[in-house]
Asks: 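Here it is, the structure, as structure tokens.
Fair warning: this is a prediction, and the values are worked out from it, not measured in the lab. All chains are named by letter (A, B, ...) in the order of the sequence lines, taking the proteins before the strands, and each is independently numbered beginning at 1.
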2 protein chains.
Amino acid sequence: MQDALRRFKADIFQALAHPTRIAILEFLGEGELSAGALMEKLGMEQANVSQHLAVLRAKQLVVNRKVGNQVFYSVRDPIINKVLQLMRRYFHAHLKEAMDMLGEMEKPVAGAK
Amino acid sequence: MQDALRRFKADIFQALAHPTRIAILEFLGEGELSAGALMEKLGMEQANVSQHLAVLRAKQLVVNRKVGNQVFYSVRDPIINKVLQLMRRYFHAHLKEAMDMLGEMEKPVAGAK
DNA sequence: ATTATATATTCTAATATTATTATATACTGG
DNA sequence: CCAGTATATAATAATATTAGAATATATAAT
């Protein structure tokens with residue numbers, strides 16, 4: 001069971017582990033948005049955004065409701081926003097190292113990347 | 001910049017996105033441990049644990065100090081523990097769906113899984 | 001010096017994730 | 001019904017991550 005719980009958490013983190021999906025969640029943190037609106041804000045391909053939304057849906061991080069032609073998305077549980085908030089704090093606490101990490105982007109650590 | 005920030009966050013989440021690494025961080029949450037002790041607790045191959053530690057090190061989620069023969073690890077910033085705590089709350093809030101998700105483990109969603 | 005112990009790295013095959021392109025579905029207005 | 005708009009899915013090629021086996025390095029003990 002302990003292990004199942006960890007797999008669950010890992011799955012959620014996996015869903016969070018993409019800049020586009022983080023952007024989506026951050027935009028949705030300010031309120032409900034249609035898929036099209038998100039696409040606009042992100043400035044990305046329709047199909048790509050839709051796929052990332054599918055990932056977030058699969059892990060139930062977002063919910064959607066259909067209104068006529070459009071599909072509106074929102075974050076299911078504000079805890080997720082809190083997690084992202086914590087990450088912001090973490091980022092600021094380690095700004096310097098973070099910048100370095102972003103700069104290199106290619107440290108030759110085995111198995112890592 | 002906004003985008004760099006999101007890449008940074010995504011990278012951290014990526015590092016968290018594995019059950020073994022979550023287990024490692026949770027064990028370390030209770031206090032410093034040697035690589036060997038972790039290996040014991042996890043019941044996994046030495047090389048495998050070492051690789052996961054390398055990932056956590058690369059993202060600076062853990063720090064290590066060498067004492068003679070051994071290497072002791074600890075969590076660098078307690079914010080990470082808070083994140084894991086929040087995930088526990090999230091898990092409990094959605095226990096039922098979580099169980100379902102773990103049960104299936106193979107929903108055919110495009111781009112996902 | 002030799003052997004033993006603790007930990008890290010390299011290599012590799014299997015698997016998963018990603019962006020892109022093409023196509024499909026669903027709803028709306030005429 | 002037909003055309004148009006909004007969104008989702010499928011297929012695919014490029015890339016990344018994973019576990020496991022083999023090997024390397026560093027320290028300690030004899």
Side-chain angles (χ1 to χ4, degrees), chain A residues 3 6-7 10-24 28 32-59 61-74 105-113, chain B residues 3 6-7 10-24 28 32-59 62-74 104-113:
Chain A
D3 188 60
R6 287 184 181 130
R7 252 180 302 137
D11 261 21
I12 304 293
F13 286 130
Q14 176 63 43
L16 296 175
H18 196 286
T20 301
R21 292 196 292 267
I22 289 179
I24 290 176
L28 293 183
E32 195 185 48
L33 283 175
S34 73
L38 273 171
M39 199 187 106
E40 275 263 331
K41 292 208 174 217
L42 294 167
M44 304 183 58
E45 297 275 336
Q46 183 271 323
N48 198 356
V49 173
S50 189
Q51 265 187 126
H52 284 298
L53 284 171
V55 173
L56 293 172
R57 251 186 294 128
K59 301 298 165 55
L61 291 174
V62 301
V63 292
N64 57 340
R65 71 192 176 96
K66 208 166 185 172
V67 176
N69 222 2
Q70 290 162 291
V71 179
F72 288 89
Y73 282 88
S74 49
M105 269 297 162
E106 210 63 54
K107 207 180 274 183
V109 173
K113 179 345 110 70
Chain B
D3 186 60
R6 285 181 182 132
R7 250 179 305 135
D11 261 22
I12 304 292
F13 285 129
Q14 176 64 41
L16 295 175
H18 196 285
T20 300
R21 293 196 291 267
I22 290 179
I24 289 175
L28 292 182
E32 195 186 48
L33 282 175
S34 73
L38 274 171
M39 200 188 106
E40 275 263 328
K41 291 205 177 221
L42 294 167
M44 302 184 61
E45 297 275 335
Q46 183 272 324
N48 198 355
V49 172
S50 188
Q51 264 187 130
H52 284 300
L53 285 171
V55 173
L56 293 172
R57 251 185 296 129
K59 300 299 166 54
V62 300
V63 292
N64 55 340
R65 71 191 176 97
K66 205 164 185 175
V67 176
N69 222 0
Q70 289 163 291
V71 179
F72 288 89
Y73 283 88
S74 48
E104 314 180 14
M105 271 295 163
E106 210 62 53
K107 208 182 272 180
V109 174
K113 190 80 238 245

Asks: Respond yes when some side-chain nitrogen or oxygen of B:Arg21 is under 4.0 Å from OP1 or OP2 of D:dT18, and no when none is.
Replies: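 Affirmative; the distance criterion is met.
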Asks: Taking all atoms of both residues into account, what is the closest heavy-atom pair of A:Ile24 and A:Leu42, and its distance?
Replies: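 Heavy atoms of A:Ile24 and A:Leu42 come nearest at CG1-CD1, 3.7 Å.
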Asks: I want to verify a distance call: between D:dA21, C:dT20, C:dA6, whose nearest atom is closest to the B:Glu45 side chain?
Replies: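 The listed nucleotide nearest to B:Glu45's side chain is D:dA21.
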Asks: Starting from C1' on C:dT18, measure out to CG on A:Leu53 and report it in whole angstrom.
Replies: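 So the CG-C1' distance, A:Leu53 to C:dT18, works out to 15 Å.
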Asks: Without decimals, in angstroms, what is the distance between B:Glu40 CD and C:dT7 C1'?
Replies: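 Going from CD in B:Glu40 over to C1' in C:dT7 covers 15 Å.
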Asks: A:Asn64 CG to D:dA6 C1': how many Å, rounded?
Replies: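 Answer to the nearest Å: 13 Å.
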Asks: So, for B:Lys66 and B:Val71, which heavy atoms are closest and what is the spacing to 0.1 Å?
Replies: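 Heavy-atom minimum between the residues: CG-CG2, 4.2 Å.
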Asks: Given atom CG of B:Leu42 and atom P of C:dT7, what is their separation to the nearest angstrom?
Replies: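 After rounding, the gap between these two atoms is 13 Å.
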Asks: Could you tell me whether B:Arg7 and B:Asp3 make a salt bridge, using a distance below 4.0 angstrom between a side-chain N and a carboxylate O?
Replies: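 B:Asp3 and B:Arg7: salt-bridged.
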Asks: For A:Ala35, which contact category applies under a 4.0 Å heavy-atom criterion: base, sugar-phosphate, or nothing?
Replies: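 Answer is sugar-phosphate: A:Ala35 comes under 4.0 Å of backbone atoms only.
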Asks: Taking a pair as Watson-Crick or G-U wobble with both distances under 3.5 Å, which nucleotide is matched to D:dA28?
Replies: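 C:dT3 - that is the nucleotide pairing with D:dA28, both distances being under 3.5 Å.
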Asks: Write down the distance between CZ (B:Phe72) and P (C:dA6), rounded to a whole number of angstrom.
Replies: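 The distance from CZ of B:Phe72 to P of C:dA6 comes to 11 Å, rounded to the nearest Å.
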Asks: Applying side-chain hydrogen bond (donor to acceptor under 3.5 Å, both in side chains) between A:Asn48 and each of A:Gln51, A:Glu45, A:His52, report the one that passes.
Replies: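 For A:Asn48, the side-chain hydrogen bond (donor to acceptor under 3.5 Å, both in side chains) check succeeds only for A:His52.
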Asks: Is a donor-acceptor pair below 3.5 Å formed from side chain B:Gln51 to base D:dG20, judging by atom type as modelled?
Replies: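 Side chain to base: pair present.
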Asks: Take atom CD1 of A:Ile24 and atom C1' of D:dT7, then tell me their distance rounded to the nearest Å.
Replies: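 Distance check: A:Ile24 CD1 to D:dT7 C1' gives 13 Å.
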Asks: For the residue pair A:Ala35 and A:Tyr73, what are the closest heavy atoms and their distance?
Replies: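 Shortest heavy-atom contact: CB-CE1, 4.2 Å.
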Asks: Might you point out which heavy atoms bring A:Arg57 and A:Val62 nearest each other, and give the distance in Å?
Replies: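 Heavy atoms only, the tightest pair is N-CG2, 3.8 Å.
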Asks: Does any N or O donor sit under 3.5 Å from an N or O acceptor when you compare the side chain of B:Gln46 with the base of C:dA8?
Replies: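 Side chain to base: pair present.
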Asks: If you compare all heavy atoms of B:Ile22 against all heavy atoms of A:Ala10, which two are closest, and at what distance to 0.1 Å?
Replies: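 Distance-wise, the nearest heavy atoms are CD1-N, 3.4 Å.
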Asks: Take nucleotides 25-30 of chain D nucleotide by nucleotide from the 5' end and write B, S or -, depending on whether a protein heavy atom sits under 4.0 Å from the base, only from the sugar-phosphate, or from neither.
Replies: -SBS--
Asks: Over how many whole Å does the gap from B:Met39 atom CE to C:dA6 atom P extend?
Replies: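 The distance from CE of B:Met39 to P of C:dA6 comes to 9 Å, rounded to the nearest Å.
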Asks: Establish, with yes or no, whether the OP1 or OP2 oxygen of C:dA8 is under 4.0 angstrom from a side-chain nitrogen or oxygen of B:Tyr73.
Replies: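 So the side-chain polar atoms of B:Tyr73 do come within 4.0 Å of the phosphate oxygens OP1 or OP2 of C:dA8, strictly under.
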Asks: Using Watson-Crick or G-U wobble geometry with both distances below 3.5 Å, tell me the partner of D:dA21, or none.
Replies: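 Its partner is C:dT10 (Watson-Crick or G-U wobble, both distances under 3.5 Å).
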Asks: Measuring to OP1 and OP2 of C:dA19, would you say a side-chain N or O of A:His52 lies under 4.0 angstrom away?
Replies: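 It does, given that an N or O in the side chain of A:His52 lies less than 4.0 Å from OP1 or OP2 of C:dA19.
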Asks: Side-chain N or O of B:Arg57 versus OP1/OP2 of C:dT9: is the shortest distance under 4.0 Å?
Replies: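 Yes, within the criterion.
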Asks: For A:Ala15 versus A:Leu61, what's the shortest heavy-atom pair and its separation?
Replies: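 Heavy-atom minimum between the residues: CB-CD1, 3.7 Å.
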Asks: Taking CG from B:Asn48 and P from D:dT18, how many angstroms apart are they, rounded to a whole number?
Replies: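 After rounding, the reported distance stands at 10 Å.
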Asks: For a quick test of reading the model: is some side-chain N or O of A:His18 closer than 4.0 Å to OP1 or OP2 of C:dA19?
Replies: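 Affirmative; the distance criterion is met.
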Asks: On DNA chain C, does the nearest nucleotide to A:Ala17 precede the nearest nucleotide to A:Ala47 from the 5' side, or the other way round? Give the residue.
Replies: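 Mapping each residue to its closest nucleotide by heavy atoms, the 5'-most match is A:Ala17.
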